[in-house]
Amino acid sequence: MKAYVFPGQGAQFPGMGKELYDTNEKAKALFEQANEILGFRITDIMFEGTAEELKQTNVTQPAVFLDSVIKALVAEDFSPEMVAGHSLGEFSALVAARALSFEDGLKLVAQRAAAMQKACEINPSTMAAVLGLTDEQVETLCNEVEDVVAANYNCPGQLVISGSKEGIEIACVKAKEAGAKRALPLPVGGGFHSPMMEPAREELAAAIEATNFSAPSCPIYQNATAAPATDVETIKQNLVAQLTAPVKWTQSVQKMVEDGATDFVESGPGKVLQGLVKKIHRPANVSAI
């Protein structure tokens, strides 16, 4: 079975999407539609902006979403049997699986980015990658440090933690003492997928409730549960929960494999998810659109 996967924040790079815009008329029309919806020319930043300009949350999230979704929508043989997205990528996956329209998906992503940005300003926070420890070791460590939680289960031996800046500093020292190969703070705007994002929850929940969802064309394996969902109400609840809950990427890929996935196709900038899928399940065939 073929599974399509969609990356999250961090996959962006200057120039992303430009070749697609220049060579595909349908893609160009979608990019221009996005400029109108957002009220600014995000394509100018994507195609010609600096890495620093692309790193702003209100730019990064819609930019990664657009590159990911438009690649899927213009692909000739796009017929997913299951989909999943890493964090922000869950919204891309829902548009690709026809649960959300392109326009509604983009509007939600922009609202999510704005709400998360506000939450970062209310609760200054950050994230760090811990490499070389088991999930259980990192979970134990988080329990010992106030305001720090496991945030992204990326693959065995790679877990991202999230929380207050002070807590993350302490946790990084403890991780190294516990034998981590590396424990390094990430250049992100805040402590995503943690209780630090609680101020954004209400705003996102209201935006999701006001948006029209349809049943997806195939199951979506959601971050908050690592389980397949096709029921609209369940999907919406999991999207809201995702803000403050960990991204269970390792568990999602394992469940997709258990349910028959053999080929994983990444749609979006970069190759991050292809690498993670291979580390989670070595026999998987990985490729990109």
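We use all heavy atoms of the structure for the numbers below, so side chains are in, but hydrogens, waters and symmetry mates are not.
Cluster annotation: Ile220 is connected to Val64 through the hydrophobic network of ILVMFWY side chains, with a link wherever side-chain heavy atoms come within less than 4.5 Å. One hydrophobic cluster holds both Met46 and Leu30 under the rule that ILVMFWY side chains link at heavy-atom gaps under 4.5 Å. Residue Met82 is not grouped with residue Phe213 when hydrophobic side chains (ILVMFWY) are merged at heavy-atom distances under 4.5 angstrom, including chains of intermediate members. Clustering ILVMFWY residues whenever any of their side-chain heavy atoms sit less than 4.5 angstrom apart, transitively, puts Trp249 in the very cluster that holds Val272. Note on Leu73 and Phe6: same hydrophobic cluster, where clusters join Ile, Leu, Val, Met, Phe, Trp and Tyr whose side-chain heavy atoms are under 4.5 Å apart, directly or indirectly.
Of the listed residues (Glu203, Gln111, Met196, Met197), just one forms a side-chain contact (heavy atoms from CB on, under 4.5 Å) with Met116, and that residue is Met197. The only member of Val109, Thr57, Thr60 that meets side-chain contact (heavy atoms from CB on, under 4.5 Å) when paired with Leu88 is Val109.
In plain terms, the two heavy atoms of Ala96 and Ala72 that are nearest each other are CB-CB, 4.3 Å. Between Ala27 and Ile70, the shortest heavy-atom distance links the atoms CB-CG2, 3.6 Å. Taking all atoms of both residues into account, the shortest heavy-atom contact from Met127 to Phe192 is CE-O, 3.5 Å. Across all non-hydrogen atoms, the minimal contact from Gly268 to Asp67 is C-OD2, 3.2 Å. Considering all non-hydrogen atoms of both residues, Leu38 and Pro62 come closest at CD1-CB, 4.2 Å. Residues Ser68 and Ser267 come closest through the heavy atom pair O-OG, 2.7 Å.
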Please table the atom pairs, donor to acceptor, closer than 3.5 Å between any side-chain atom in residues 8-19 and protein atoms at least two apart or in another chain.
residue : atom : partner : partner atom : Å
Gln9    : OE1  : Gln61   : NE2          : 2.9
Gln12   : OE1  : Gly10   : N            : 2.7
Lys18   : NZ   : Asp22   : OD2          : 2.7

Using residues 166-177 as the side-chain source, report each donor-acceptor pair under 3.5 Å to any protein atom, sequence neighbours left out, with the distance given to one decimal.
none

Check: residues 276-289 side-chain donor-acceptor pairs under 3.5 Å, at least two apart:
residue : atom : partner : partner atom : Å
Lys278  : NZ   : Arg282  : O            : 2.7
Lys278  : NZ   : Ala284  : O            : 2.8
Asn285  : ND2  : Asp263  : OD1          : 3.4

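Around atom CD of Glu146, no more than 12 heavy atoms belonging to other residues, nucleotides or ligands sit under 6.0 Å away. Atom CD of Glu52 has 12 or fewer heavy atoms from other residues, nucleotides or ligands within 6.0 Å.
The aromatic ring centres of Tyr21 and Phe47 sit less than 6.0 Å apart.
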_Under the criterion ring-ring contact (aromatic ring centres under 6.0 Å, His included), I'd like the reasoning laid out for Phe78 against Tyr4: C-alpha separation, chi angles, the key distance, then a yes or no._
CA-CA 9 Å; Phe78 183 73; Tyr4 283 82; 4.5 Å; yes
*Going through the checks in order, is the side chain to side chain donor-acceptor pair (under 3.5 Å) test met by Tyr221 and Gln254?*
CA-CA 11 Å; Tyr221 288 68; Gln254 287 169 339; over 6 Å; no
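Electrostatic pairing of Glu198 and Arg201 counts as a salt bridge here, judged by a charged N lying under 4.0 Å from a carboxylate O. Of the charged side-chain nitrogens involved, none lies within less than 4.0 Å of a carboxylate oxygen, so that Glu266 and Lys271 do not count as a salt-bridged pair. Look at Glu32 and Lys28 and you find no salt bridge, because none of the NZ, NE, NH1 or NH2 atoms lies under 4.0 Å from a carboxylate O.
In this structure, NZ on Lys2 lies 13.0 Å from CE on Met256, to the nearest 0.5 angstrom.
In terms of modelled atom types and a separation under 3.5 Å, the side chain of Gln222 and the main chain of Ile235 share a donor-acceptor contact.
For the 3.5 Å distance criterion, the side chains of Thr211 and Asp104 fail to qualify, holding no donor opposite an acceptor. Side-chain polar atoms of Gln117 and Arg112 form no donor-acceptor pair below 3.5 angstrom. For Ser87 and His193, the side-chain atoms include at least one donor-acceptor pair closer than 3.5 Å.
In this structure the side chain of Arg41 never reaches within 4.5 angstrom of the side chain of Phe31, judged on heavy atoms.
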